[in-house]
Amino acid sequence: MITDLLSVKALTIPEPKPALSQHFVVLGGGIAGLATAYELSKRGIQVTVVEKAEEVGGLARTLNYDGFRFDIGGHRFHSNNSSVVQWLKDLLQTDLQVVPRISHIYLNQQFVDYPIQFANALAIFPPLKAAQMVMSYLGAKISPTRQEISFEDWVIKRYGKALYEVFFKPYTEKVWGMTCDRLAATWAAQRIRVPSLWKTLQNMLFQKQGGTAPISQFYYPRSGFGMIPSALEAEIIKRGGIVYTSTALSELAPTSNGFDVTIQQQDGTTRTIAADQVVSTLPLNYLLQSIPKQWGSQEILDAYDLKYRDMVCLFLALKKPQVSQDSWTYFPMQDLVFGRTHEPKNWSSEMVPSPEFTSLAVEIFSSRGEAIWQLPDAAIAETVVEQMSQIGWIQKADVHQSWVLRVPYAYPIYEVGYENRLKVVKDYLGQWQNLHLVGRTGSFHYMNSDGVIEDVFRLIEQLFPEQAAAVSPLGSQVGRWL
């Protein structure tokens, strides 16, 4: 139902009387914002979601081009937290399926299992080169004195310079668009889960079995990851919530009772909503820009700006039944413009219009202003297809159609020193106890989909501590991502 010239999605049924009189405004309709609004609406809270795009989902959308369905980047759902998994199962019911994880990385003109298993990875190199990498590793283990300031420091200290230069440096610098000595060690500590080469050598020498096996399967909605935000939106509306789309935040003005949230539709129509509490999943610099300057927001933004990495997605429809069996395939070489691909059909047969077709979602790590970002769509497609054909990944004749999507704010960048800047920004925003940050983009904390849901649960526990022990999926694990 459309009201007040704004794109509002709501049912005509009467809104349920909220258990609490507060009104929450959730900024951003991605997974984090929608999951928060969903959990609030389940508790009888009046909630309004504001989303700038034409549809909800953010980075979790599934796009449909002539029957070819593509996720933005390809999102798996896996969690060791059974309550988080059950939350998803309850939401999607029979629409959730289990998919095997098969991934490879293209190194030395060969495809190697990914995550990297050192026994297999070393075997693709000549014996002398492999021995050099092992000796470099052993040297690092004998004298691990390097300080851990940057990503480079963290990896070399644990794996040696030779392994760092072959396995870690190329792909990392390609993803982030900066040298590894500028990337914070925090990123490596959070994300690298490579098995110990020492354990690998022990297992090889003494024929032992052991180590932590990589994730072998994950959950995935049958018609694309976008089924999750669509289901959340439907549940929010069902419970009387309001979801604005094609509507941007114009101003977030603090008041004595909360905030005046001014929103603007694409045609310029504006409205101001009185909110007792605000939950933001927006990029932090975007949020700061919306706070009136008399509150000192511009000074904070100028001095402590935090950076995000953008991405270009190329979607290829292919006239062949399959490229590979991979869930993801990684391409670290700097001379290739693309960094990662996934084949949607390998995740669900419903991602292509018919069995004789397949497709590839291609990720190009490039930010606004960089050369690839500014190329015309046709030039991006032509460049990628030409390079893929040169390495034998696909043939030019396979391409049926192509589409390009530019994605801003894809990842928070953990640049050296970001922790201090982030603390200042969060301390500034923390002066308003009724303003809450949640999710990867909103809290500037990289996390997978399951981590986003856990972050939402933590927020709900903080808001309703009296309910935590009885109903919280996390039990007593109260806390927030830093």
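Keep in mind that the numbers below use all heavy atoms, side chains included, and drop hydrogens, waters and symmetry copies. Quick caveat, the model's predicted, so the values are computed rather than measured.
The two residues Ile72 and Cys313 come nearest to each other via the heavy atoms CG2-SG, 4.1 Å. Among all heavy-atom pairs drawn from Thr281 and Gly28, the shortest one is OG1-CA, 3.4 Å. Residue His78 comes nearest to Gln217 through the heavy atom pair ND1-O, 3.6 Å, listed as atom of the first residue, atom of the second, then distance. A pairwise comparison of heavy atoms in Ile124 and Asn108 identifies O-ND2, 2.8 Å as the closest pair.
Formation of a donor-acceptor pair under 3.5 Å by the Asp276 side chain with backbone atoms of His23 is found in this model. Using modelled atom types, no side-chain atom of Gln22 and backbone atom of Ile45 make a donor-acceptor pair closer than 3.5 Å. Here the side chain of Asp71 pairs no donor or acceptor atom with the backbone of Thr62 at under 3.5 angstrom.
Pairs of residues two or more places apart, or lying in two chains, that qualify as salt bridge (charged side-chain N to carboxylate O under 4.0 Å, His left out) and include a residue from residues 346-357 are Arg222-Glu350. The salt bridge (charged side-chain N to carboxylate O under 4.0 Å, His left out) analysis of residues 387-405, with sequence neighbours excluded, yields the pairs Lys320-Asp398, Glu386-Lys396. Among pairs with a residue in residues 72-94, none fulfils salt bridge (charged side-chain N to carboxylate O under 4.0 Å, His left out), at least two apart in sequence or across chains.
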Pairs under 3.5 angstrom only: tabulate donor-acceptor contacts from the side chains of residues 171-178 to other protein residues two or more places apart or in another chain.
from   : atom 1 : to     : atom 2 : distance (Å)
Thr172 : OG1    : Phe168 : O      : 2.7
Glu173 : OE2    : Cys180 : N      : 3.1
Lys174 : NZ     : Phe331 : O      : 2.8
Lys174 : NZ     : Met333 : O      : 2.7
Lys174 : NZ     : Leu336 : O      : 2.7
Lys174 : NZ     : Phe338 : O      : 2.6

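Taking the ring pair (Phe, Tyr, Trp, His ring centres under 6.0 Å) definition, one finds that Trp347 meets it with Phe218, Tyr220, Trp328, His342, sequence neighbours left out. Remark: Phe24 engages no residue in a ring pair (Phe, Tyr, Trp, His ring centres under 6.0 Å) (not counting sequence neighbours).
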Show your reasoning for whether ring pair (Phe, Tyr, Trp, His ring centres under 6.0 Å) applies to Phe68 and Phe357.
CA-CA 9 Å; Phe68 293 90; Phe357 287 100; 5.5 Å; yes
Candidate pair Arg440 and Tyr411, rule side-chain contact (heavy atoms from CB on, under 4.5 Å), full reasoning:
CA-CA 8 Å; Arg440 175 197 291 186; Tyr411 307 102; 3.4 Å; yes
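By the 4.0 Å N-to-carboxylate-O rule, Arg158 lies close enough to Glu148 to be salt-bridged with it.
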